[in-house]
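Indexing begins at 1, ligand by ligand and atom by atom, following the structure's order.
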Amino acid sequence: MITNIGELVTQDLQREDTDTGVLRDAAVLFEGERISWIGSAKAAPAADQLIDAAGRAVLPGWVDSHNHLIFAGDRTAEFEARMSGQGYAAGGIAVTVDATRGASDQELEELASARVLEARSQGSTYLETKTGYGLDLAHEVRSAQIASRVADQVTFLGAHLVPAGIDPDDYTALVSGPMLQAVLPWVQWADVFCERGAFTEEQSRQVLQACQQAGLGLRVHGNQLGPGAGVKLAVEFAAASVDHVNYLDDSDIDALAASWSPDSSVRADHLGTVATCLPACDLSTRQPLAPARRLLDAGVQIALASNCNPGTSFTTSMPYCVTTAVLQMGLSVHEAVRAATWGGALALRKHRGEDRDGARAVGSLAVSHRADLQLLEAPSATHLAYRPGMPLTRAVWRAGQLVAGQPRS
Ligand SMILES: N=CN[C@@H](CCC(=O)O)C(=O)O
Ligand SMILES: [Zn+2]
């Protein structure tokens, strides 16, 4: 049990003892991988092991719902050129594809595992990763296999870039057919980079249709480098998330908001399309920051993710994304923390779960959810933005196991 918690951010808005999901002077008990009790420290039951938080804050672990962790190589030179004024273009992906194809299985898995450990040390307890640096059948399958060993959920991104020397329509047919069938055992999601220089609206539609028919959940990279069809396609296909969302017009925001309106479905448990904002990527590519404030105000559910990849966002730091969302995107600390926990879980449809191993909800702290928690070296979540860049992650538990840091002094 962690007790004497100064601020416990549960993200559980069903609780009767708080309107905001935040508890003061609280305790949380977990047994095995499962949270079994949450409440006031004074009312806490007995526990075998006690950790005294000494007034520090406890949050759900970050749910990082957008990553590209399966890669080799480095794009420092491209980053330097960008910082000297050159624009970002999708074509840089090909450099990473060459390096990734040239790496051994063991090398690729070690690189990806190191990134996962780095993410955990900063409080991330649930990670999605995409394939997308293989871009032929054998290398996409290999990426999906490795991804399934290192991450919690895997997204097939064969539609990341059309490899040089291949006709775009032929490649789209390969992704929508044999490549999709070959990766199916290892992936839960499919994604398409619908953007100038990557896949057109029509090609994206073909990929999304095939992947939906194959039973995969859908996600879309959209509206990153300019206005485009990505957001509307994502809503049309009831994708769980559309990611980047830098260039949105009013009709894009209306479409996303409508996807969350109760009228948009006859089903009471209808879920819309989450807008996933990637602030580290926006800064590294010098794109306008995604309009997170406008999206929230319009009633759209948002997520924040790190988008760790070698081209546009070489960081696994969710604290950095939260800090940026507060300092530069107009979110309050609690809105940003919610987007990086509950929002990520919603984007991966893991915000609810069953009370059994492997099916537990993540991204919020409630009885029967997975015990994914982080103890901050700070009395409140506000310090994430108030003390930007400081190492405030003191200890991290994933499925009830301590995976980073040291909770005791
Ligand atoms: N936008 C598409 N894919 C990645 C970047 C990939 C790369 O440049 O290597 C992204 O999410 O930013
Ligand atoms: Zn991405």
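Here the heavy atom of the protein found nearest to atom 6 (C) of ligand 1 is Y133 OH, 3.2 Å. Atom 3 (N) of ligand 1 has its closest protein heavy atom at H160 NE2, 2.8 Å. Ranking protein heavy atoms by distance to atom 1 (N) of ligand 1, first place goes to Q224 OE1, 2.8 Å. Scanning the protein heavy atoms around atom 10 (C) of ligand 1, the nearest turns out to be N307 ND2, 3.4 Å.
Between the side chains of T312 and N309, at least one donor-acceptor pair of N or O atoms lies under 3.5 Å. Counting only N and O atoms by type, the side chains of T393 and E377 include no donor and acceptor under 3.5 Å apart. For the residue pair W189/Q153, the side-chain donor-acceptor check at 3.5 Å is satisfied. A donor-acceptor contact closer than 3.5 angstrom is absent between the side chains of H244 and H66. Counting only N and O atoms by type, the side chains of S65 and K350 include no donor and acceptor under 3.5 Å apart. A donor-acceptor contact closer than 3.5 angstrom is absent between the side chains of Y171 and Q203.
Here's the thing with T312: one of its N/O atoms is less than 3.5 angstrom from an N/O atom of ligand 1.
Between H68 and H221, the distance from one ring center to the other falls under 6.0 angstrom.
Residue contacts with ligand 1 include N309, since one of its heavy atoms falls under 4.0 Å from the ligand. Taking 4.0 Å as the cut-off, E195 does not count as a neighbour of ligand 1 on heavy-atom distance.
In H221, the N, O or S atom that comes nearest to the Zn ion (ligand 2) is NE2.
Of the listed options H68, R75, K130, Q287, H68 places a heavy atom closest to atom 4 (C) of ligand 1.
Taking every non-hydrogen atom of H66 and a distance limit under 4.0 Å, the qualifying atoms of ligand 1 come out as 11 (O). Atom numbering of ligand 1 starts at 1 in the shown order; those under 4.0 Å from a heavy atom of H244 are 1 (N), 10 (C), 11 (O), 12 (O). For ligand 1, the atoms closer than 4.0 angstrom to any heavy atom of Y88 are 5 (C), 6 (C), 7 (C), 8 (O).
Rounded to 10°, the angle that NE2 of H68 and NE2 of H66 form at the Zn ion (ligand 2) is 110°.
Note: F314 and F71 have perpendicular aromatic rings, judged against thresholds of 30 and 60 degrees for the angle between ring planes.
Look at C281 and the Zn ion (ligand 2): no N/O/S atom of the residue is under 2.8 Å from the metal.
Under 4.0 Å is where a charged nitrogen must lie from a carboxylate oxygen, and between R360 and D357 at least one such pair does.
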